[in-house]
Amino acid sequence: MTPQVEWPAGPDTSLALNRMGTFDWDLDSGQMFLDATALEVVDLRPEEFTGTSAGLRTRLAPGEEARLDARVAQALKAGRGHYGAYVRSRGRDGSPGWTHVQGHILRDAHGRPYRIIGIIRDAAHDPDEPGAGGERDEGRRRLTGVVERTTAILAHARTVNDVTDVLKDPEALGHLGAVSIMLGVVDGGRIHLVAEGQLGSYVPEIEYTRIEAPLPMSEAVRNLRPVYINSREEFQQRFPRLWPYIEPLAVRSGVYLPLIAQGRPIGALGLLYTWEGEFTAEERNVLMALGSGIAQSLQRAMLFEQEHDLAEGLQKAMLPRRIPEVAGARIAVRYRAARMGRDIGGDWYDVIPLDGGRVGVMIGDVEGHDTDAAAVMGQLRIALRAYISEGHTPGTAMARASAFLRELQTDRFATCTYAEIDLGTGMARLVRAGHLDPVVRRGDGSCHRIQVAGGLPLGLPAGEPPEGGHPSGSGYPVTSLELHPGDTLLLCTDGLTERPDGDSETGMREFMEAVRGGPVDVEELADVLCDLVGDSGSGDDMALLLLRRRGTPAPRGGGPLSHSLTPGDADAPSMARHLIRAAAAAWGAFDQADEIELAADELMTNALVHTDGVGHISMRLTAEGRIRIEVEDTSSALPRQREAGDWAVSGRGLMLVDRLADAWGVEPRGGGKCVWCEFTVPGRAAPGDRGPTAEAPGTEAPDASAAGA
């Protein structure tokens, strides 16, 4: 019998008669108040309630707590003022029920939520079956929202890892109420489990399983149909092999969806739940739609990775398979492909051991980001390497490489920097074709960009600069540089210095700071520089080459002295002999000046008599205390030592050089050759004894510029 109720009924009476209680939740302290009706709705005695939200959740069915928390978190994050949710509840005796929770969010002047005031009502007597109407509408919105959000997020997934990260994100599939999510990818006749997790309920179905195995994921792939498991008993009966892993967990149901793309299975998705019961038709439809979207994203990611691996493999195949060991230097190289699928580029590096303790190092970048750029890069690298190995000077080799690229009849141009380094003396000759200036870190840690005289990018005719560039004349001038023991030469492509916002100056500044403060070891320094770019790079590919000259600081050599020999110029040999004698005296070889002058004169005479082109003589004092004389000419015919008769007027030149000099030899130089000889200067090899040099003020030695270089 209904008790007598006053007219009109008060709010408290109306709420109580309709089993609708109230709550007040202080978000800052975590305290929650439930009135008497609210406690009755959730079947809690006053002494059982802890006064926090955790005390209320003890009456929620397994899995509903996470869903309710997610609903509240969404409302708080989105800035909404209200939220509502139907949740499955359980009475003291375990009987199932439905409860509707609705809250109003209070925010301060800054928009920060600090309190929620709401109602808790018994939804068992809602229209239709208990809670069905509200739950059906809420479930429809929830599931549809999950599919929409997941599809939107997966649209940006470019790799399989991106897909798995989405699946493990509680903000995405977590709203389905699953406590464990597993993704398997078909690999031949097996399924590879590539992702798992959520809320720590991983079920290890073995990392690799055969498609014929009696497991739910294998069955879904095998039959191309979802596998629904509605109870723990069904888990135990249908899949006894899996049951030992399920038994200790609070898992009561699950579904395994085949991921089908273009009519074939590419994987399977497993979702495990803590509630029992059959999946409704609507839930099955939503899960199928979700599986279809995930399958498309997974296939796209797999194709992307295959294309990227193919492109990166092609790029690496075009690069040197190994970097040779070079006496006197430590060399480190790095290459990183672009992160945009097939958008690889034409970046390359190379190391070329040369005669006479020399080494050539280069780095370059072909315009474009596709397989054609990589193919052109491979051809250009090999051609430039061949020209250098033939003995061409750096400027000549670069000019020939440019002509070679034009002959390929491609619309690509390329930038490049090449350095030829004598590791015995430390003298380096650099040539640049539209590329970044190299960087040198000295042994004392100081770091400098080297201004190398540059020519046009390779493949461009003279006077046709790249878009946005400026004419720089024709030819490729050579810049000289001395690397002391402990110095490091760094060559890189712009993929290492560019940033997504196009601010290359910031990238170069960061690069210089990293070089200046980086480790001495070139391998470690190379890793530091690659890490500098990380995920903030421009998306371009990147090549890097570091060369550190071995040894400890030693006395620097003198010079160099340089002089041209022109046929028909009667004064050229005389001037060269005068300069050579003066330099020898300044470098402490006064007693050997006659022998040095005579040997140099024989080499000059040989070049002028037996060749038609212009010759060139250079002389320098090496760090080892030797005077080295080199005479270059344009003849490819190599001189040979021969016996001369008593009355012969020629044939004694190389015999004299062999008798006078401590060492001599011949090096091919492309279209010509270089004949050289060396004299040891007594006392100059002692460590710390710098002595006078041809460049030092206050000596009589000539300056290189005064020698007509």
Side chains of Tyr476 and Thr396, heavy atoms from C-beta outward: is any pair under 4.5 Å?
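No, side chains not in contact.
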Heavy-atom pair of closest approach, residues Gly424 and Arg549
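In terms of heavy atoms, the two residues are closest at O-NH2, 3.0 Å.
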How close do Gly445 and Arg516 get, counting heavy atoms only, and between which atoms?
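Heavy-atom minimum between the residues: O-CG, 3.6 Å.
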Would you confirm whether [X], through its side chain, and [Y], through its main-chain N or O, come within 3.5 Å as a donor-acceptor pair?
X      : Y      : result
Asp662 : Thr680 : yes
His435 : Cys492 : yes
Arg400 : Ala397 : no
Thr493 : Ala543 : yes

Verify whether one side chain among Ser446 and His448 offers a donor that lies under 3.5 Å from an acceptor in the other.
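There is such a pair (donor and acceptor under 3.5 Å, judged by atom type) between the side chains of Ser446 and His448.
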Please determine whether a side-chain nitrogen of the Lys or Arg among Arg548 and Asp521 lies less than 4.0 Å from a carboxylate oxygen of the Asp or Glu.
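Salt bridge flag = no for Asp521 with Arg548.
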Residues two or more places apart in sequence or in another chain: which of them pass side-chain contact (heavy atoms from CB on, under 4.5 Å) with Thr410?
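Once residues adjacent in sequence are excluded, the partners of Thr410 under the side-chain contact (heavy atoms from CB on, under 4.5 Å) criterion are Asp372, Val376, Leu405, Leu408, Arg412.
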Listed once per pair and sorted, the salt bridge (Lys or Arg N to Asp or Glu O under 4.0 Å) pairs that draw on residues 439-461, sequence neighbours left out
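Every salt bridge (Lys or Arg N to Asp or Glu O under 4.0 Å) pair that includes a residue of residues 439-461, provided the two are not neighbours, is Arg442-Asp487.
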Evaluate the salt bridge (Lys or Arg N to Asp or Glu O under 4.0 Å) criterion for residues Asp422 and Arg429: first the C-alpha distance (whole Å), next the side-chain angles of each, then the deciding distance (0.1 Å), finally the verdict.
CA-CA 9 Å; Asp422 186 330; Arg429 297 188 296 172; over 6 Å; no
Run the side-chain hydrogen bond (donor to acceptor under 3.5 Å, both in side chains) test against Asn606 and tell me which residues pass, sequence neighbours left out.
none
